[in-house]
Amino acid sequence: MPLRPITVLGESAADAFPGGSTPDGGLALRVLPGGGPANTAVALARLGTPTRFLGRISTDPFGQLFRARLAASGVDLTGCVNTAEPSTLAVATLDEQAQATWTFYAEGTADWQWTTDELTATRTTETACLHTGSLALVRDPGGQRIEQHLAWVREDATVSIDPNVRPLLVPPADYRERLDQWCALADILRLSEEDDLAVLLPGASPADACHRWHEAGARLVVVTLGERGAYASLDGHPVTVPAPPTPVVDTVGAGDSFTAGLLHRLNQLDLLGSRLDSLTQNAVADACRFAVRVAALTCSVVGANPPSAESLR
């Protein structure tokens, strides 16, 4: 049976990695197309899920780079908005463990300016799941309009949210204030232990955090644990999945790839399109095992370069 389409709504960004000095004393940057939602869309399409990306993409050179990458991966861009506003730039610094920290140049950029009319024009009843989150969901004016859009979409589709907390760009209090509302809209909530949980609920265990967000409305909460794998909870019933041993080049895009792997596998099992009424613990474990493999392969290469279905085989 053909897989149903999944829609990803959110930002694309230029990920810049310092590459040393230029002969004239300048700083060389290696720029790769990224952005959490765009990374997730690319990973989904490469895995074989029909994927539609809804983004506001600049007509500047970075925007051309985003479009080329998404299209080359097989992502449907017909729902994107062309805009003259500049692209978002994120500059990465890698530590000794290849963990990335980011400096963002995001004021007045294209990704956060969604209008109600633009979102209304993207509406479809064909998608099995709409995934969103990251900065596009928390930055206004577009963020509140996306929340309103989710309330309409969830009548026909599963809703997945990845907060992807960026405390250097958005105050953590803003995420905490809105997270309960997101859980009320979401069927699936995916977060990372190090970058998200530690900021949103300092000192809380993954189990305690899942309980908190179940109470707010999310049925499936998944906390990725880096090299330790993932912890998932379906209505309070836990699942723990280890990660395969992986030579880590960097962790850029690993969480986005995990989310894509999770949604792709749930789609293969024909469990998307509703409030997860048929989802079981065994299916959650199956999907998480697949997702950690996708994330591990992303960590084994430079940048957000998720694997194809063929490489997984």
Side-chain angles (χ1 to χ4, degrees), residues 8 10-22 26-48 51 53 55 57 61-75 87-106 134-135 162 164 166 168-169 190 192 194-196 224-230 243-262 264 290-313:
V8 181
E11 75 267 17
S12 48
D15 291 344
F17 299 84
S21 301
T22 63
L27 174 66
L29 292 175
R30 181 172 185 239
V31 178
L32 300 173
N39 292 340
T40 300
V42 166
L44 275 167
R46 290 183 183 180
L47 291 172
T51 306
F53 182 65
I57 300 182
F62 292 140
Q64 296 173 27
L65 186 68
F66 305 154
R67 284 184 171 276
R69 179 212 192 195
L70 288 157
S73 298
V75 177
S87 298
T88 301
L89 174 65
V91 180
T93 301
L94 300 179
D95 64 18
E96 294 179 354
Q97 286 74 45
Q99 294 282 341
T101 57
W102 298 93
T103 302
F104 288 91
Y105 301 86
S134 198
L135 292 167
D162 177 358
N164 201 6
R166 300 298 186 197
L168 295 180
L169 191 58
R190 202 291 298 182
S192 73
E194 182 175 359
D195 296 327
D196 300 327
T224 50
L225 309 174
E227 64 183 11
R228 298 181 356 259
T246 304
V248 177
V249 175
D250 68 46
T251 61
V252 177
D256 308 320
S257 291
F258 179 96
T259 300
L262 180 76
H264 173 76
F290 183 83
V292 296
R293 288 180 58 212
V294 177
L297 285 173
T298 303
C299 289
S300 69
V301 297
V302 174
N305 188 17
S308 66
E310 288 75 17
S311 62
L312 281 167
R313 297 192 190 103

Check: Arg69/Asn39 side-chain N/O donor and acceptor closer than 3.5 Å: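 Judged by distance alone, the side chains do pair up.
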Are the side chains of [X] and [Y] in touch, meaning some heavy atoms are under 4.5 Å apart?
{"X": "Thr103", "Y": "Thr93", "result": "no"}
{"X": "Leu297", "Y": "Pro306", "result": "no"}
{"X": "Phe104", "Y": "Leu168", "result": "no"}
{"X": "Phe258", "Y": "Val292", "result": "yes"}
{"X": "Val301", "Y": "Val249", "result": "no"}
{"X": "Leu312", "Y": "Leu47", "result": "yes"}
{"X": "Arg46", "Y": "Thr51", "result": "no"}

query: Listed by chain and number, what are the side-chain hydrogen bond (donor to acceptor under 3.5 Å, both in side chains) partners of Arg30, not counting sequence neighbours?
result: none
Once you round to the nearest 0.5 Å, how far does [atom1] of [X] lie from [atom2] of [Y]?
{"X": "His264", "Y": "Thr40", "atom1": "NE2", "atom2": "OG1", "value": "14.0 Å"}
{"X": "Leu44", "Y": "Ser73", "atom1": "CG", "atom2": "OG", "value": "11.0 Å"}
{"X": "Leu32", "Y": "Phe17", "atom1": "CG", "atom2": "CZ", "value": "5.5 Å"}
{"X": "Asp256", "Y": "Asp162", "atom1": "CG", "atom2": "CG", "value": "6.5 Å"}
{"X": "Glu194", "Y": "Thr224", "atom1": "CD", "atom2": "OG1", "value": "10.0 Å"}
{"X": "Ser257", "Y": "Arg293", "atom1": "OG", "atom2": "CZ", "value": "13.0 Å"}

[X] versus [Y], closest heavy-atom pair with distance:
{"X": "Val302", "Y": "Asp250", "result": "CA-OD2, 3.6 Å"}
{"X": "Pro33", "Y": "Phe66", "result": "CB-CD2, 3.9 Å"}
{"X": "Val294", "Y": "Pro307", "result": "O-CD, 3.8 Å"}

query: Checking Glu11 side chain against Thr88 main chain: does a donor-acceptor pair fall under 3.5 Å?
result: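 Answer holds: no.
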